[in-house]
Peer 1: 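Supplied in structure tokens, the structure appears directly below.
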Protein chains: 2
Amino acid sequence: MTSPTGPADTTPADASERAYTALLSRISAGEISAGERLFEQSLAEAIGVSRTPVRDALKRLAAEGLVDIHPHRGAQVVSFTPEDVTALYAMRAEFEPVAARLAVPEMTDTDVARLAELSARMERIVEEGADPGGLTTLNNEFHAVFVEGSGNRHLAIALQALFRPAVVTRTFRQYDPRALQRSMQHHAELVEAAAARDGEWAEAVMRAHILSARHATSPHRDPTEDATVRHA
Amino acid sequence: MTSPTGPADTTPADASERAYTALLSRISAGEISAGERLFEQSLAEAIGVSRTPVRDALKRLAAEGLVDIHPHRGAQVVSFTPEDVTALYAMRAEFEPVAARLAVPEMTDTDVARLAELSARMERIVEEGADPGGLTTLNNEFHAVFVEGSGNRHLAIALQALFRPAVVTRTFRQYDPRALQRSMQHHAELVEAAAARDGEWAEAVMRAHILSARHATSPHRDPTEDATVRHA
DNA sequence: ATCTGCCAGATTGCATGCAACAACGCCCGA
DNA sequence: TCGGGCGTTGTTGCATGCAATCTGGCAGAT
């Protein structure tokens with residue numbers, strides 16, 4: 001979709017799309033902290049467009065559950081309580097494996113190739129110890145392939161809405177190396193399952209993937225100070 | 001002179017909200033046939049607002065999967081192929097029961113009461129042989145309670161996106177009396193399961209509900225079947 | 001001193017004007 | 001007659017101006 005990500009900011013995309021991607025990347029990169037208020041005017045100036053496309057982008061993000069909009073009071077990034085995160089993982093653990101099972105048999109070879117590519121790129125980043133923030137984007141694309149590969153537009157829309165909020169949690173920042181490694185192995189196994197068009201296999205791996213991620217994120221929030229919460 | 005809709009149009013809602021509800025009701029009522037193109041200007045005049053809130057509403061509907069928007073080419077109501085409908089039911093059969101299981105234990109008494117009320121109202125409409133079109137709205141609200149009753153905002157957003165498109169199919173029009181009756185019985189049983197806070201029970205009933213609906217709608221596809229509800 | 005009411009600043013929501021793009025039909029040439 | 005290129009028309013997308021609303025602070029009364 002997004003053409004060669006050139007270094008120059010020559011964005012052939014429309015202003016609305018630009019505003020959306022800009023906001024999405026800033027939110028997922030953590031530049032905008034949760035709960036922070038988003039002002040249309042300043043965002044418009046920062047992105048280089050008018051207020052209208054910014055408004056569109058904010059509404060779109062609100063529809064996806066990434067920002068909250070209160071009438072006449074503006075928008076702010078959603079703030080996740082720990083309970084929210086728990087519930088989110090519970091939902092993903094239920095739904096995303098099913099989505100994978102439904103999608104995998106319908107995937108094209110192109111989809112599988114894209115999965116393999118994304119998986120490889122993520123693995124390279126991990127090996128190089130580069131910024132985990134970039135992982136989040138790739139990971140989202142990876143999961144998006146499962147969703148869009150189903151060839152069902154409505155499944156895609158619904159599940160995007162379900163998985164996008166995970167962006168905000170900036171999962172990988174909190175991963176320890178072992179958990180990160182395991183996550184990458186899951187990705188690789190998912191590629192194989194997809195290549196084999198084995199829905200049940202993909203479902204099982206995906207479930208393990210989500211539950212493992214839940215375990216990796218929830219328990220330790222601050223390793224230096226935390227003596228109370230330990231692996232039970 | 002701007003509101004020919006009626007004397008009771010106490011519209012405290014903002015223009016954007018009004019545009020959204022107006023479009024949604026027109027689509028669900030079938031006034032706008034699938035595939036029909038939606039012009040911002042004419043819609044704005046018909047609703048009595050400017051183009052801006054209409055644009056907002058269209059984008060919102062697009063995010064929910066009810067309309068398609070092609071850049072610079074406008075919006076049109078999504079057209080469902082029979083395969084789309086099949087896929088949609090397959091997805092609902094997978095996801096909505098799980099959603100019910102997750103939601104029911106978290107429901108408040110108010111939620112249960114609302115379910116009971118909606119169920120009763122639907123049953124009354126069926127008994128009176130009134131317009132099944134009104135059923136669609138109530139049915140959507142009924143299912144929405146399960147989704148919103150989970151107390152999880154993200155679950156709600158995601159599943160709304162999944163279930164809203166069903167609006168377009170205008171399901172009940174095609175139900176024969178026996179299927180309609182059974183659907184109502186399912187609703188009643190769902191109310192009981194919710195009242196008992198029995199998630200597994202609700203899940204099972206919901207699955208039967210969806211699969212039964214799939215069977216009731218898919219078999220006879222009659223393109224020439226028109227509105228003209230036979231109530232007299 | 002605390003609380004209530006009001007005023008001012010700021011921000012959102014809506015309306016409208018203008019430019020860009022796409023679809024359609026026409027004219028011209030082969 | 002048929003195909004290709006081009007102008008025209010209509011619609012969307014974006015920018016900006018204005019009014020309605022909300023927030024915060026200050027003055028005055030109790």
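Computed from a predicted model, the values in this text were never measured in an experiment.
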Peer 1: Taking salt bridge (charged side-chain N to carboxylate O under 4.0 Å, His left out) as the test, write out the residues that go with Glu141(B), two or more places apart.
Peer 2: Arg114(B)
Peer 1: Just how far, in rounded Å, is C1' of dC18(C) from CZ of Arg51(B)?
Peer 2: 11 Å
Peer 1: Going by the salt bridge (Lys or Arg N to Asp or Glu O under 4.0 Å) test, which pairs reach into residues 63-82 of chain A, not counting sequence neighbours?
Peer 2: Glu64(A)-Arg164(A), Asp68(A)-Arg153(B)
Peer 1: Under 3.5 Å, is there a donor-acceptor pair between the side chain of Arg197(B) and the main chain of Ala195(B)?
Peer 2: yes
Peer 1: Find the distance between CG (Leu24(A)) and OG1 (Thr21(A)) and round it off to the nearest 0.5 Å.
Peer 2: 7.5 Å
Peer 1: Please tabulate, one pair per line, each protein N/O and nucleotide N/O from nucleotides 5-10 of chain C that are separated by under 3.5 Å, including the distance.
Peer 2:
none

Peer 1: What is the separation between atom CD1 on Ile69(B) and atom P on dA22(C), rounded to the nearest whole Å?
Peer 2: 16 Å
Peer 1: Specify the separation, in whole Å, of atom CD of Gln41(A) and atom P of dG13(C).
Peer 2: 14 Å
Peer 1: Just the endpoints, please: which first and last nucleotides of DNA chain D, 5' to 3', lie under 4.0 Å from a heavy atom of chain B?
Peer 2: dT11(D) to dG13(D)
Peer 1: Taking only N and O in the side chain of Arg73(A), is any of them less than 4.0 Å away from OP1 or OP2 of dT12(C)?
Peer 2: no
Peer 1: Which pairs would a plain distance check flag for residues 44-63 of chain B, meaning a side-chain donor or acceptor within less than 3.5 Å of a matching protein atom at least two apart in sequence or in another chain?
Peer 2:
{"unit_1": "Glu45(B)", "atom_1": "OE2", "unit_2": "Gln41(B)", "atom_2": "NE2", "d": "3.2"}
{"unit_1": "Ser50(B)", "atom_1": "OG", "unit_2": "Thr52(B)", "atom_2": "N", "d": "3.2"}
{"unit_1": "Arg51(B)", "atom_1": "NE", "unit_2": "Glu40(B)", "atom_2": "OE1", "d": "3.1"}
{"unit_1": "Arg51(B)", "atom_1": "NH2", "unit_2": "Glu40(B)", "atom_2": "OE1", "d": "3.1"}
{"unit_1": "Arg55(B)", "atom_1": "NH1", "unit_2": "Glu40(B)", "atom_2": "OE2", "d": "2.8"}
{"unit_1": "Arg60(B)", "atom_1": "NH1", "unit_2": "Glu17(B)", "atom_2": "OE1", "d": "3.4"}

Peer 1: Closest nucleotide of DNA chain D for His72(A) versus for Val49(A): which of these residues is on the 5' side?
Peer 2: Val49(A)
Peer 1: Starting at atom CZ of Arg55(B), determine the distance to atom P of dG13(C), rounded to an integer number of angstrom.
Peer 2: 16 Å
Peer 1: Under 4.0 Å, heavy atoms only, any strand: does Leu38(B) hit a base, just the sugar-phosphate, or nothing?
Peer 2: sugar-phosphate
Peer 1: For Tyr20(A), which residues count as a ring-ring contact (aromatic ring centres under 6.0 Å, His included) partner, sequence neighbours excluded?
Peer 2: none
Peer 1: Applying the side-chain contact (heavy atoms from CB on, under 4.5 Å) test to Ser119(A), which of Leu190(A), Leu138(A), Asn139(A), Val191(A) qualifies?
Peer 2: Val191(A)
Peer 1: Relative to the ring of Phe95(A), is the ring of Phe95(B) parallel (under 30°), tilted (30 to 60°) or perpendicular (over 60°)?
Peer 2: tilted
